[in-house]
Structures are given as structure tokens and as C-alpha cells.
Protein chains: 2
Amino acid sequence: MKDGQSQATRRAPRGSARARLIAAARDLVRRKGFAATSVDELCAAAGVTKGAFFHHFASKEGLGVALIEDWTETTGAMFAAHPYNAAADPFDRLIAYIELRRTLLSMPLPEFTCVAGTTVQEVFDTSAAMREAARNSLASGAGHVRAHLEAALAAHPVPGVTAESLARQFQVAVQGGIILAKAENDARPAREALDHLERYLRLLFGR
Amino acid sequence: MKDGQSQATRRAPRGSARARLIAAARDLVRRKGFAATSVDELCAAAGVTKGAFFHHFASKEGLGVALIEDWTETTGAMFAAHPYNAAADPFDRLIAYIELRRTLLSMPLPEFTCVAGTTVQEVFDTSAAMREAARNSLASGAGHVRAHLEAALAAHPVPGVTAESLARQFQVAVQGGIILAKAENDARPAREALDHLERYLRLLFGR
DNA sequence: AAGACAATACCAACCAGTCGGTATGTCAAT
DNA sequence: ATTGACATACCGACTGGTTGGTATTGTCTT
């Protein structure tokens, strides 16, 4: 009788408020940026009240840090689990990684924007905590390809090129591509950035 | 007697309010982002009242559009006037352009961030007018190198590579480098992004 | 019973934008 | 060379609504 069902659809199950807030933040921050997203908006989107918000996060900035940390884990798990890691040749794994990033670009624009890259642009000078979380996130993202790059460079050294720096260039191509895609309102420039990255790699490794 | 001097230092000369507001916006928006910069803050920084603000701009968004358009003109004039255009060989001009961008990176971080690239990240989905201004700004920036690229490609064609797309990759390297620099709070990753771009160019053109 | 979790009401500060008014400059007719 | 009509540039108090954050109370789970 107690209309438990409508209650359940209307209100999220207890204990999920934190996760729901982070999910809502991921959506809204990608579309509108961090500063332009208000706490009230976040609560409404998550189906949660303000009391719940400030129970789980000390401040809006706290939510921002948690959002980026969650992003680091989520994307990290996704890349780690992906079959692109299976290829025997490290160079093939790099090409497969780029191909994987290409397929991600077929999603709608707000859904392939990088949470860390977007927010750090806004807050790098106003929130040290969020900047540090973003730095860690981008470094972690570069870490996924660095291992493959080290193996590839061991088999085919390139003078003046380190795995560390080349891994960062992957991030540069991805982040820069996203900016151009946003400006053009079209994923194509981001896809072309990956094409150039792949061509660069092939030239470096003589493939 | 009439303390005309203190009057002059206390208040900007008539007619300069618009330019002062744009200059203040360039500073503040680079450091804090567009959404986090309030109109009051802008007015205070420009030494101007709110009445003056809304006399010159219909809205905060209007100031945003004017800011990006001004940025397009300013940077365009700067690159056009620079001696890097002097080299006879188009390839040398491209290398000189990259070198010019490298020297820009010796400034403090907020001063080498691209106004168009930063703001479009925030407002690409919430302000069509600003996104369009940013698109135009980035396209204009790519246009500066496209001419040199066309000449270089005419002398040394590279299959599958157009001047248009390669010019955009210059923007990708610059914008992506800025994001990493912000995250690391250090210009070095941006400089390395230019190094990789230069190496890519040399490989493409066999230099 | 006790603590974790969440709902509601509330607050001072701040937000973008408005509006009636004034200062300054322009130009044509006197 | 004055005058006066008009436009531009600017001023700053004000408004309705929103902001991030708090205080208090209630309700689940163990």
C-alpha cells in the first residue's frame, strides 16, 4: 500500500546520494563548466537535497575534487580493461589505443570532453586542490600509454624522444583536439588530431 | 591648482571605458574563467562603473564576444607584424613561428593562455555567440600558418596531409600544451608539445 | 539507542541587469 | 561667437533573484 514503488522512482535509494551527485556533476560540469554549475542545480539533477550535498562534501570545491578523482578512476579502469592492451607488439598497442580514442569521438560532444582538462582550465589559479586532482588525472592518463611507449622505444630507440614526453603528447593531441571540436561544434578536428598523432608515431618508429 | 592631475589618475579619460573593460576582462577571464568573473569585479578592475559597462555592452555575454573578437584582432596583428614572416623558405617560416610560440611561453602562465581556447571550453554549449567568436579566432590563428604550409607543401607534397588540417594541428599542439601547462603549473609541457610538433614537421618534410 | 544519512528552512552575500539622471561633446542656426 | 537641440558617454543606487553554505530536525539502519 505505502506506494513504495512511486517512492522509489521519486527518490533514490539511501546511500547513493554521493555517487548520484558525482554523476550529475560529471554531466553538468561537462556541459556548462564548473563555475556555472550551481549546487542547487546539482542537487536537483541528482534528485537529492542540499542537506545531502553538504553531508557528503565540505564545499563545492570538495565535490569538484571528488569529481575529478572519480574521473581518474573511472577512465583508468576503462582503459585498463580494454582489449586494446592485448596486442603482442607494443607499437600495435599504441595504434589500437589511438583507434580506441577515435571511437570515443563518435559520442555527442559533451560526452567525450575530458572532465580534468575542462575544469583545470577554469580553476588552475583559483583552486589548488582541484588543479592537483586534475594534474594527477592527466598524469594517470598519460601513464596508460607510457608503458607501451617504453616498450616500443626499447625495441626502436628514437634519439631525443622519451616515453614520458611522448606520452604527454598523446594528452596534448586529445585535449587540443577537444578544444577545436568544441569551437567547431564538430568532432572532426579531434579525429584529425589523432590522425596526425598516428602519422607522427609511424614516422618516429619507421612504420 | 584645480588638482587636475589627481583627477586624471583617479578616473580614466572619457571614451576609454570600453577598451579598459576589455583589457580587464582579458586579465580576469584568463585567471578565473568567464563564469567566475563577475561584472562588478570587471568594473572595479577597469576603474569604471556598472552604468558604463551596460552602456557599452548589452550583457555580460556581449562583453565576452567583444573580448574574443578583440583577442582575434590583437593576436592577428601581432603575428602579422612579426619578423618571423621574413624568411625566404616557407619551411623556415614555420620553424620560426614555432620558435616564436616558444618564446611566448616564457611569460607567466595566465599571460600565455589563449582567451579563445579557454572560454570556448566553458561556454561552447551555453553561448552560441561566444562559441562562434572563438571558432573564428582559432580559425584565424590557424590561417596564419596555413599560407606558409601551403607553400611548403607545394614545394614538397606529403600524401594525405593538407595545409588546412596541418594548420589546425598547430592549434592542437598550442591549446593542448596550455592545458597540460595549467595542470602542471609549469610551462614545460607546453614547450615540449612544440618540440614534438617541430619534430613532426621535420619528419614530414624530410628535414 | 546511536550514529549515519538526508530533508527542510533559512541566511547574508552576491549576481546580472535596470533606470533615472548627469556630464561632455557636436553641430546647425542664429 | 552664442545658443540650444540632440546624441553619446557615463554614473550609482536599486531590484528581484540566486549563490554557497548553515542549523535544525527527522528518519532510516544496525
Side-chain angles (χ1 to χ4, degrees), chain A residues 2-25 28-29 31-67 119 122-123 126-130, chain B residues 2-4 6-25 28-29 32-67 119 122-123 126-130:
Chain A
K2 308 183 169 187
D3 74 337
Q5 199 166 45
S6 84
Q7 187 85 341
T9 53
R10 173 182 316 148
R11 180 174 301 169
R14 203 179 166 77
S16 69
R18 192 190 142 95
R20 290 171 62 78
L21 279 166
I22 288 183
L28 286 171
V29 168
R31 291 216 316 266
K32 326 191 356 167
F34 181 76
T37 301
S38 74
V39 173
D40 283 329
E41 219 171 346
L42 245 16
C43 293
V48 148
T49 60
K50 239 175 171 178
F53 184 101
F54 285 100
H55 171 73
H56 288 287
F57 307 105
S59 63
K60 190 190 175 188
E61 185 188 22
L63 176 270
V65 171
L67 165 65
T119 54
E122 274 189 81
V123 303
T126 50
S127 166
M130 286 179 69
Chain B
K2 309 181 171 188
D3 75 336
S6 82
Q7 189 85 340
T9 53
R10 177 179 315 149
R11 180 172 301 174
R14 199 183 167 78
S16 69
R18 193 190 140 96
R20 292 171 61 78
L21 279 166
I22 288 182
L28 286 171
V29 169
K32 326 192 356 169
F34 181 75
T37 302
S38 75
V39 172
D40 283 328
E41 220 171 346
L42 245 15
C43 293
V48 148
T49 61
K50 233 169 175 184
F53 185 102
F54 285 100
H55 171 74
H56 288 287
F57 307 104
S59 62
K60 191 189 173 188
E61 185 188 23
L63 177 271
V65 172
L67 166 65
T119 55
E122 274 188 82
V123 302
T126 51
S127 166
M130 285 179 69

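In what follows, chains carry the letters A, B, and so on, assigned in the order in which the sequence lines appear, proteins first and then strands, with residues in each chain numbered from 1.
Rounding to whole angstrom units, CZ of residue B/Phe53 and P of C/dC15 are separated by 13 Å. To the nearest angstrom, P of C/dA7 lies 14 Å from CG of A/Asp40. Between the C1' atom of D/dT19 and the NZ atom of A/Lys32 lies a distance of 13 Å, rounded to the nearest Å. Residue A/Leu42 contributes atom CG, which lies 9 Å from atom P of D/dG20 at whole-angstrom precision. When the P atom of C/dG17 is taken as reference, atom CZ of B/Phe54 falls 5 Å away, rounded to whole Å. Rounded to an integer number of Å, the gap from B/Phe57 CZ to C/dT18 P is 15 Å.
Residues that satisfy the salt bridge (Lys or Arg N to Asp or Glu O under 4.0 Å) test with B/Lys60, not counting sequence neighbours, are absent from this structure. Take B/Phe54 and apply the ring-ring contact (aromatic ring centres under 6.0 Å, His included) test, not counting sequence neighbours, and it matches no residue. With sequence neighbours excluded, no residue satisfies side-chain hydrogen bond (donor to acceptor under 3.5 Å, both in side chains) with B/Thr37. Residues forming a side chain to side chain contact (heavy atoms under 4.5 Å, CB included) with A/Thr126 (at least two apart in sequence, or on another chain): A/Val123, B/Lys32. The side chain to side chain contact (heavy atoms under 4.5 Å, CB included) check on B/Ala128 picks up nothing, with sequence neighbours excluded.
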Protein-nucleotides 22-24 of chain C N/O pairs under 3.5 Å:
none

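For A/His56 and C/dC5, the shortest distance from a side-chain N or O to OP1 or OP2 is not below 4.0 Å. Within the structure, a side-chain polar atom (N or O) of A/His55 is placed less than 4.0 Å from OP1 or OP2 of C/dC5.
Atom CZ of residue B/Arg20 and atom CG of residue B/Leu42 lie 12.0 Å apart, to the nearest 0.5 angstrom.
Closest to the side chain of A/Ala52, from the set D/dA13, D/dC11, C/dA7, is C/dA7. For B/Lys50, the listed nucleotide lying nearest its side chain is C/dG17; candidates were D/dC11, D/dG20, C/dG17.
Backbone-only contact: A/Ser38 has heavy atoms under 4.0 Å from sugar-phosphate atoms and none from a base. B/Lys60 comes within contact range of the sugar-phosphate backbone alone, with a heavy-atom separation under 4.0 Å but no base atom that close.
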For B/Phe57 and B/Ile22: C-alpha separation, side-chain torsions, deciding distance, then whether side-chain contact (heavy atoms from CB on, under 4.5 Å) applies. CA-CA 11 Å; B/Phe57 307 104; B/Ile22 288 182; 4.1 Å; yes
